[in-house]
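Beneath this line is the structure, given in structure tokens, with notes to follow.
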2 protein chains.
Amino acid sequence: MSARVARHDCAPPWALGVIAVKTRSFVSARMVAERAGVSRSAVSRTFTDGASVSEETRRKVLDAAGALGYHVNHLARGLRERSNIVCLVVSNMTTPIRARMVDIMTRQLQASGWITMVINTETDTESVSKALRQTLNYRADATVVLSGTPSASLIEACLANGQQVVLINRDDRLKGSSTLAVDNSLAGREALFLLQRAGCKRLGLVTSNAQTASLVERERVFVDIARAQGLNVTVTMAGPTTYESGADAARRLFGRSNGPDGVFCVTDLLALGFMDVARDEFGLRIPEDLCVVGFDDIEQADWRAYQLTTFAQPLEAMATHVVDLLNDSEGASSDRKLFEPIPIWRRSVRPGVKTD
Amino acid sequence: MSARVARHDCAPPWALGVIAVKTRSFVSARMVAERAGVSRSAVSRTFTDGASVSEETRRKVLDAAGALGYHVNHLARGLRERSNIVCLVVSNMTTPIRARMVDIMTRQLQASGWITMVINTETDTESVSKALRQTLNYRADATVVLSGTPSASLIEACLANGQQVVLINRDDRLKGSSTLAVDNSLAGREALFLLQRAGCKRLGLVTSNAQTASLVERERVFVDIARAQGLNVTVTMAGPTTYESGADAARRLFGRSNGPDGVFCVTDLLALGFMDVARDEFGLRIPEDLCVVGFDDIEQADWRAYQLTTFAQPLEAMATHVVDLLNDSEGASSDRKLFEPIPIWRRSVRPGVKTD
DNA sequence: TTGAAAGCGGTACCAC
DNA sequence: GTGGTACCGCTTTCAA
């Protein structure tokens, strides 16, 4: 691990009154008790919710605590009870959608009294494993996996240790873990519908090589339904789930004759890169010559340069559900909840010719 | 706080061998010791770096630990020694630049053996206070403030409790805390130089109402130097540090006659909104009619729709410095390190007429 | 090398 | 209501 050496290079707490120089180290309940002239138990009770302390004692304790700068040690508390720690496992944190997920999750967890340990992982299993072990080391009460691909065995270790495990937008549906996901097939179906209604004839689909369950599902449904209707779909997979991959996809698709006039990009980031190249390098007008649908509704999709029609994930609702799950703990552990993506209408798809 | 009730609603560990049903709760060293037929001390030593265990014992312990799924309890360990926890205080996490900071910081901290607790705060002092108290509750060894405005008194509480405190890009230079910042005056100066070299005559500056030390400094230097040269600068402050504010700023600046032809936006996000409106709503060509310089070098600045000339913060180097600071702990606690922003040349500023 | 025992900071249970 | 005590899980002397 780390190569740090420093230990308690400072006066022990009980030397406090004597030395009084640069105290260092944390204040303990014992110190507060001494100063307040009460027992440690009294101090503990003062800071415990269902207490039973006289107003008098309470005040003395609070005064002493304030003067000393006392803070209850949750590490010690977590020794007997729950640690109140939630581990958030996430990869690709800089992606706008992921950043928002982390933002919303941490915010809601915090508001509900949890403390969040963020484990930032590469997508590969190895680094997730290392990370998850930390989860266990710190006795997290729960692990929430936003992304990355943890090995089933490790998740099982978390479960075996009594942790709650919540998987978001992933397929591995392990016994004992809760899963929440966005209804990707709905998005795929709806995307196709939007493009068809706009009168698009030559359909394209742009995806990444990440091949996440979510991505694959969106693609599958879009393509299947289209083909069932006798429509061909040109599928392009240009690289990771990035702006650049979207740009590359556009070059491939329009580099040959007869490019598509309606494209579903399984991610906004792909869509934005795709749009830029379609316009700049191939002179296509959006939505006149080309309609584009994305997924995620990242902030940039609303920027004037794009105005991308897309689907929003109900992130706040999803986070609320996670928090509820954790707070219940008993409540229906091994379930799967599906959230409906919300279509966001902007200008990258033509208004559509009503045919009713 | 939270309203959760559940306690150890499960068989005690020592019932394991007997009941063997849905074990739950964490495995302890004692259980490993029993199974391995050694003392608890032996188990502890096996997992301590400078151990002194016979190969035989070690193997027995590791076998038992593996079978039981044992993980050292860092909470208990942190009771006597350092907790190895670092608190990362951050606000506005969805902002691209902030997301990257969090990403890089967590990654490097992790790599160096630290575990990161993320405290997501509104920018207001109150919520930061609440958050920082958590820091103390969990006995974090250090607190790293990426953004938000913690009250000086709380920071002092952290310091008094022996925490290391590192402030990034903030001005509050408290005794005992380390500060790292980007050289904002250099950026302001350089931005002005770029615009002048491009032949811009009517200068503008777009900032936000956040009035961070960093933002103020960039503005101050840009404006001061320009005025010292007899050039006037129109300063616009449209709202928070967002894309929309940049857009609004453009509307204000170009809504009247004789708008600027060279603008320094103190943040990329402002710059991108500014560019979109300048082009779409006022028909200005960039860089022919209008030159724009930003700051941060967020990913979007490199997108084809923008190609913004800007300054990058050397985030990796900064994170490395933070980690070094934490690992040293002794090393020059109360210092301030300045990092040079790196100019990134793109196409939002004209090549510039050399005049040498 | 090993095991026993003390202590880290709290909370819960116990009499008083 | 209050203080004493046991115990949470670990590391660390200290003898053996």
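Throughout, protein chains are lettered first and strands after them, A, B, ... in sequence-line order, and every chain is numbered starting at 1.
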Is any side-chain N or O of [X] closer than 4.0 Å to OP1 or OP2 of [N]?
X         : N       : value
Ser44(A)  : dG9(C)  : no
Ser52(A)  : dG1(D)  : yes
Tyr138(B) : dG10(C) : no
Thr57(B)  : dT1(C)  : no

Donor-acceptor pairs under 3.5 angstrom involving side-chain atoms of residues 54-68 of chain A: please list them, not counting sequence neighbours.
{"unit_1": "Ser54(A)", "atom_1": "OG", "unit_2": "Thr57(A)", "atom_2": "N", "d": "3.1"}
{"unit_1": "Ser54(A)", "atom_1": "OG", "unit_2": "Thr57(A)", "atom_2": "OG1", "d": "2.7"}
{"unit_1": "Arg59(A)", "atom_1": "NH1", "unit_2": "Asp63(A)", "atom_2": "OD2", "d": "3.0"}

Estimate the overall bend of the helix from dT1(C)-dA16(D) to dC16(C)-dG1(D) from the end axes over five pairs each, rounded to 10 degrees. 40°
Residues forming a ring-ring contact (aromatic ring centres under 6.0 Å, His included) with His71(B), sequence neighbours excluded: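 Result, ring-ring contact (aromatic ring centres under 6.0 Å, His included) vs His71(B): none returned.
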From [atom1] of [X] over to [atom2] of [N], roughly how many Å is that when rounded to an integer?
X        : N      : atom1 : atom2 : result
Glu81(A) : dG9(D) : CD    : P     : 13 Å
Arg30(B) : dG3(C) : CZ    : C1'   : 16 Å
Arg59(A) : dG1(D) : CZ    : C1'   : 16 Å
Arg82(B) : dG9(C) : CZ    : P     : 16 Å
Leu79(B) : dC8(D) : CG    : C1'   : 9 Å
Lys60(B) : dT2(C) : NZ    : C1'   : 11 Å
Leu68(A) : dG9(C) : CG    : C1'   : 15 Å
Arg77(A) : dC7(D) : CZ    : C1'   : 17 Å

Set of residues satisfying side chain to side chain contact (heavy atoms under 4.5 Å, CB included) with respect to [X], sequence neighbours excluded:
X         : result
Ala99(A)  : Ala99(B)
Ala317(A) : Pro314(A), Phe339(A)
Glu156(A) : Leu174(A)

Partner set under salt bridge (charged side-chain N to carboxylate O under 4.0 Å, His left out) for Asp324(B), not counting sequence neighbours: none
Backbone N or O of [Y] within a donor-acceptor pair of the [X] side chain at under 3.5 Å?
X         : Y         : result
Thr135(B) : Cys87(B)  : no
Asn161(A) : Phe26(B)  : no
Gln164(A) : Leu325(A) : yes

With a 4.0 Å cut-off on heavy atoms, is Val43(B) in touch with a base, just the backbone sugar-phosphate, or nothing at all?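 Here Val43(B) touches no strand at all.
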Arg139(A) near the nucleic acid: base, sugar-phosphate alone, or nothing, with a heavy-atom cut-off under 4.0 Å?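 Counting heavy atoms under 4.0 Å across all strands, the contact made by Arg139(A) is with sugar-phosphate only.
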Residue whose closest nucleotide on DNA chain C lies nearer the 5' end, Ala76(B) versus Ser54(B):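 On the 5' side of the pair lies Ser54(B).
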Only pairs at least two apart or in different chains count here, so list each side chain to side chain donor-acceptor pair (under 3.5 Å) that has a residue in residues 33-47 of chain B. Arg30(B)-Glu34(B)
Short N/O separations, protein against nucleotides 4-6 of chain D, under 3.5 angstrom:
{"unit_1": "dG4(D)", "atom_1": "N7", "unit_2": "Ser41(A)", "atom_2": "OG", "d": "3.1"}
{"unit_1": "dG4(D)", "atom_1": "O6", "unit_2": "Ser41(A)", "atom_2": "OG", "d": "3.0"}

